Amino acid sequence: MTDQAPVAPHGAYTGPSRVLSGVQPSGALHLGNYLGALVKFARLQHEIDTFIFVADLHAITVWQEPAALADQTREIAAAYLAAGLDPAKATIFPQSAVPEHAELAWIFQCVARLGWLDRMTQFKEKSGKHKERSSVGLYTYPVLQAADILIYKATHVPVGEDQKQHLELTRDIAQKFNHDFKAPGFFPQPDPLIQGPGARVMSLRDGSAKMSKSDPSDYSRINLTDDADAIAGKIKKARTDPEPLPETLEELATRAEADNLVGIFAALSGRTKAEVLADYAGKGFGAFKPALAELAVEKLAPVGEKMRGLLSDKGELDRILAAGAEKAREVAAPTVAEVKKLVGFWGA
Ligand code: TYM
């Protein structure tokens with residue numbers, strides 16, 4: 001075993017393309033999750049073989065009420081379907097129902113280096129001042145994420161910008177595994193799919209903070225379950241500056257709150273920020289906010305409504321999740337069997 005990630009050319013992997021991504025069932029989903037992840041999942045399922053899971057093993061890296069966790073998992077599954085994922089096209093499953101993820105994660109913990117994990121900024125943010133009180137799982141979280149991705153030999157991973165570093169770690173683990181176990185091209189070097197104006201949605205109260213489940217202010221985010229009044233009210237109250245919208249992206253980039261709202265408008269309407277500015281440059285927020293509120297209600301209110309409908313039939317959601325888990329295991333189990341052989345385990 002070597003201690004450094006070897007510098008090897010990418011692309012020795014020649015297998016098929018596959019998309020994989022997931023969302024944690026650890027709180028209400030918001031507009032950032034929707035634009036940064038869910039919308040992309042729904043689009044990609046028409047283009048590539050797509051695996052989308054509910055990251056319940058990741059969720060328990062911080063405390064989750066046992067009595068609520070299964071329902072939280074169903075809620076994410078309902079959000080996937082409401083956002084347009086089709087179980088006939090995409091494989092949708094709970095992570096904990098495919099135990100091979102955890103098995104591969106252990107092997108990857110013996111491939112990844114402490115120094116690599118020490119650099120992970122998300123752990124630093126989440127553990128805060130009390131690192132020693134964090135779960136060990138929170139620290140090794142990105143190694144499990146690498147296992148989620150590589151167990152399906154996924155080549156494309158649609159995520160928000162905050163996941164970029166975890167994807168880099170995944171690539172390092174894939175490369176080191178292939179090198180150490182003399183299996184060039186065994187795991188692919190997955191590409192993150194991050195681009196687009198929805199990749200980093202910021203708080204509606206502070207343009208320098210990410211929109212997040214853990215922000216104490218509910219006015220900082222639009223939840224996928226918010227009704228039309230709540231969505232419009234939050235946009236009306238969103239923090240802005242007194243200037244009209246600028247002509248250029250350069251000027252926009254210096255105004256965090258304005259940039260965020262234009263980005264949200266662009267992502268929801270499937271346009272670029274430049275195209276939105278072409279329509280609204282010189283206009284004040286008195287004109288822009290009502291247009292954004294109308295667009296957000298038009299796009300998001302039906303998603304929340306669909307979610308509520310789907311959640312009223314838990315049996316159907318459970319059937320979809322169980323069938324997805326079975327399909328996922330058909331791909332995951334052979335990968336782990338091959339990995340065990342490469343590692344040299346008895347009986348493999
Ligand atoms: P989670 O549940 O924190 O976030 C789910 C997805 O939402 C994106 N996201 C955002 N996108 C834009 N703006 C925001 N403000 C915003 N907030 C969140 C996240 O980038 C993510 O794509 N570690 C993952 C879960 C995971 C995973 C994986 C993802 C576990 N294993 C394997 C991909 C592949 C996470 O943090 O999810």
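Model, not experiment: these values are computed from the prediction. As the structure lists them, so they are numbered: ligands from 1, and atoms in each ligand from 1.
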Can you list the ligand 1 atoms lying under 4.0 Å from a non-hydrogen atom of [X]?
{"X": "K213", "answer": "2 (O)"}
{"X": "R200", "answer": "12 (C), 13 (N)"}
{"X": "L20", "answer": "32 (C), 34 (C)"}
{"X": "G198", "answer": "12 (C)"}
{"X": "V157", "answer": "33 (C), 34 (C)"}
{"X": "A199", "answer": "11 (N), 12 (C), 13 (N)"}
{"X": "G36", "answer": "11 (N), 12 (C)"}
{"X": "Y141", "answer": "23 (N), 24 (C), 25 (C), 35 (C), 36 (O)"}

What protein heavy atom sits nearest [atom], and how far off is it?
{"atom": "atom 18 (C) of ligand 1", "answer": "N33 ND2, 3.3 Å"}
{"atom": "atom 36 (O) of ligand 1", "answer": "Q163 NE2, 3.0 Å"}
{"atom": "atom 17 (N) of ligand 1", "answer": "H30 CE1, 3.5 Å"}
{"atom": "atom 11 (N) of ligand 1", "answer": "G32 O, 3.1 Å"}
{"atom": "atom 6 (C) of ligand 1", "answer": "A37 CB, 3.7 Å"}
{"atom": "atom 25 (C) of ligand 1", "answer": "G22 O, 3.6 Å"}
{"atom": "atom 33 (C) of ligand 1", "answer": "S21 OG, 3.4 Å"}
{"atom": "atom 32 (C) of ligand 1", "answer": "Q145 CG, 3.5 Å"}

TODO: Check the angle between the aromatic planes of F108 and F187 and answer parallel, tilted or perpendicular using the 30° and 60° thresholds.
DONE: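 Perpendicular, since the angle between the ring planes exceeds 60°.
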Task: Whether F177 and F181 hold their rings parallel, tilted or perpendicular, with breakpoints at 30° and 60° - done: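 It falls in the tilted class, 30° to 60°.
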Task: Nearest atoms (heavy-atom pairs only) where A281 meets P246 - done: CB-O, 3.3 Å
Indicate yes or no: does an N/O atom of [X] lie under 3.5 Å from an N/O atom of ligand 1?
{"X": "D148", "answer": "yes"}
{"X": "V201", "answer": "yes"}
{"X": "D162", "answer": "yes"}
{"X": "I149", "answer": "no"}
{"X": "Q24", "answer": "yes"}
{"X": "V159", "answer": "no"}

- [ ] Check the pair D279, R271 against salt bridge (Lys or Arg N to Asp or Glu O under 4.0 Å), reporting the backbone distance first and the verdict last.
- [x] CA-CA 11 Å; D279 281 352; R271 293 194 290 169; 3.0 Å; yes
Task: From Q145 atom CD to H101 atom NE2, the distance as rounded to the nearest 0.5 Å - done: 12.0 Å
TODO: Enumerate the residue pairs fulfilling ring pair (Phe, Tyr, Trp, His ring centres under 6.0 Å) with a member in residues 299-331, sequence neighbours excluded, ordered by first and then second residue.
DONE: none
Open item on the list: Is the contact between F51 and ligand 1 made by the side chain, the backbone, both, or neither, using heavy atoms and a 4.0 Å cut-off?
Closed with: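 The answer is neither.
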